[in-house]
Amino acid sequence: MVSHSSRIELSQSALKANINFLRKKVGDGVRISCVVKANAYGHGISSYVPMAEKCGIDHFSVASSFEAEEALEVCRPDTRIMIMGILYDADIPWAVENGIEFYVFNVARLPLVINVAKKLGIPARIHLEAETGANRTGLTLKEMGKCLTMVKKHSEHIEFEGLCTHFAGAETFANDFKIQKQYTLFQDFYALCKKRKVMPKMRHLASSAAALSFAKSRYEMVRVGVAQYGFWPSPDVYYHHLTSNGKNSEKGLRRIFSWKTDVMDVRKVHEGEFIGYGTAYQATRDMTIAVLPLGYSNGYPRGLSNRGHVLIKGKKAPITGLINMNLFMVDISHIPGVHPGEEVVLIGRQGNNSIGVASFTQTTQLVNQEMMSRLPQAIPRKSVR
Ligand SMILES: *Cc1c(COP(=O)(O)O)cnc(C)c1O
């Protein structure tokens, strides 16, 4: 197999530290479902799922049947996969056959599911999603009532795995009035289940932010996305952690991810010459530059033209000129002895320096998750210690 122009390394030890940290936070009785939608926030589903399983994770949440299929290919036989978003009617038989859990977020879906389960002779594993204020997907109380009636009537074809909802903005504490309202409304849905004597195996509401800062919302399972990858969901949540944990709170979450490439070529540029397309960068002195074999089509943001830097031999090498589709150039005049093939760190640590995802996102207006999830699937991911 030929080489790709960059590579992503995932630290098993950092992931283990994060999962342990989260377990301690949410408590022993609470199951952690790792949210691996968007190609595991750019980390790569097929590499990431087995790494998380090594840390004891046995439940994964995805956004689509397409992602579920990818996770299914690499996971252990008794690991559970849950689709929170799109599952097309045509794919319901596939989901039921493979024991995939999925959300039911409108009434029309349930009869279809029951039919499929009947035909296959395999119970469908469903989660009923409550509409509590996000106005995204989910059942109103009245619709929930209808669904519970059907679930009760066809209980041999339905495994009622979960009752769930999603907070609309728990990472920003200014949204608290809204979050509390959702939380309260969710109690009504649970009360309805009790009244009808149709009980879910578990309740789950919390994503990273609520799991970390809203203890009451943890119930039997939390759906943790961004935090497992080592990112605090927001300054609010981080501040909450610092104030509730005092001094020994520094060892919190660790980044799992590094992104690397290597120098493609090294060349001299004379004072006054331009580097790359147009006139974006003019050499103010004689310079040595390194050419790197990736660009915006490989997920490196074009917004970093003339502003970002990479690490070479542990030193910062500033970007000179525009990020091209498949190339960009950096200034290495101050870094002697660089040859083609030299390792370049795009995100991560090298020597005493490091570049975080945040240093990208501040200049490009991307949010961390957005930047990460845009990294092409074609970049190879590899687990390291
Ligand atoms: C993305 C998502 C999560 C995880 O969110 P994070 O903030 O990354 O932890 C949880 N639940 C649902 C329904 C989601 O769409």
Side-chain angles (χ1 to χ4, degrees), residues 15 18-19 21-23 25-26 30-43 45 48-49 52 57 59-68 71 80-87 101-106 126-139 161-173 175 178-179 182-183 186 189 202-214 217-238 240-241 252-253 255-257 357-358 361 366-374:
L15 174 58
N18 292 349
I19 300 290
F21 173 83
L22 288 163
R23 278 225 176 83
K25 273 269 181 195
V26 302
V30 180
R31 193 173 191 179
I32 296 177
S33 177
C34 284
V35 180
V36 293
K37 64 189 181 195
N39 203 23
Y41 293 46
H43 291 65
I45 287 183
Y48 190 82
V49 165
I57 297 296
H59 198 282
F60 293 90
S61 300
V62 295
S64 66
S65 42
F66 187 77
E67 292 172 339
R80 292 294 185 97
I81 298 165
M82 175 174 83
I83 302 172
M84 306 182 293
I86 182 71
L87 168 67
E101 304 175 8
F102 54 90
Y103 279 22
V104 170
F105 46 78
N106 60 33
I126 65 159
H127 296 253
L128 294 180
E129 187 187 13
E131 164 58 51
T132 56
N135 283 312
R136 228 166 65 157
T137 48
L139 304 153
E161 298 287 343
L163 179 72
C164 57
T165 192
H166 188 52
F167 287 130
E171 70 285 345
T172 305
F173 289 178
N175 292 335
K178 200 174 152 188
I179 300 309
Q182 287 192 268
Y183 177 76
F186 186 74
F189 282 90
M202 56 191 178
R203 291 162 289 177
H204 51 98
L205 293 80
S207 56
S208 299
L212 290 166
S213 58
F214 184 13
S217 74
R218 288 171 192 148
Y219 290 115
E220 290 77 40
M221 185 166 86
V222 291
R223 306 182 303 262
V224 176
V226 73
Q228 68 183 305
Y229 305 108
F231 297 88
W232 289 92
S234 67
D236 285 0
V237 176
Y238 186 49
H240 175 272
H241 166 69
L253 295 168
R255 302 296 161 83
I256 293 172
F257 170 100
V357 177
T361 49
L366 297 167
V367 300
N368 290 340
Q369 294 93 307
E370 187 184 3
M371 153 79 203
M372 308 277 286
S373 63
R374 283 183 185 190

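Quick note: residue numbers are just sequence positions, from 1. Basis for what follows: all heavy atoms, side chains included, without hydrogens, waters or symmetry-related copies. Predicted, not measured: the structure shown is a model, and the values here were computed from it. Ligands are counted one by one from 1 in listed order, and the atoms in each one are counted from 1 as well.
- Taking atom 4 (C) of ligand 1 as the reference point, the nearest protein heavy-atom neighbour is Y41 OH, 3.6 Å.
- Taking any N or O of V35, backbone or side chain, none lies under 3.5 Å from an N or O belonging to ligand 1.
- Nearest protein heavy-atom contact of atom 9 (O) of ligand 1 is S208 OG, 2.4 Å.
- Counting heavy atoms under 4.0 Å from ligand 1, residue R136 touches it through the side chain alone.
- Judged purely by atom type and a 3.5 angstrom limit, S208 has no side-chain atom pairing as donor or acceptor with the backbone of V224.
- Rounding to the nearest 0.5 angstrom, the gap separating the CZ atom in R218 from the CD1 atom in I32 is 10.0 Å.
- Taking atom 5 (O) of ligand 1 as the reference point, the nearest protein heavy-atom neighbour is S207 CB, 3.4 Å.
- No donor-acceptor distance shorter than 3.5 angstrom exists from the side chain of E101 to the backbone of Y103, with no hydrogens or angles considered.
- When each atom of ligand 1 is checked for a heavy atom of M84 under 4.0 Å away, the hits are 11 (N), 12 (C), 13 (C), 14 (C), 15 (O).
- Residues F231 and Y41 keep their aromatic ring centres 6.0 Å or farther apart.
- Checked by distance only, ligand 1 and V226 come closer than 3.5 Å through their nitrogen or oxygen atoms.
- Counting heavy atoms under 4.0 Å from ligand 1, residue R223 touches it through both backbone and side chain.
- In summary, the aromatic rings of F21 and H241 are positioned with their centroids under 6.0 Å apart.
- Of the listed options M82, E171, K37, K37 places a heavy atom closest to atom 1 (C) of ligand 1.
- Using bins of under 30°, 30° to 60° and over 60° for the plane-to-plane angle, the ring pair Y238/W232 lands in the tilted bin.
- Aromatic ring orientation, F186 versus Y219: tilted (interplanar angle from 30° to 60°).
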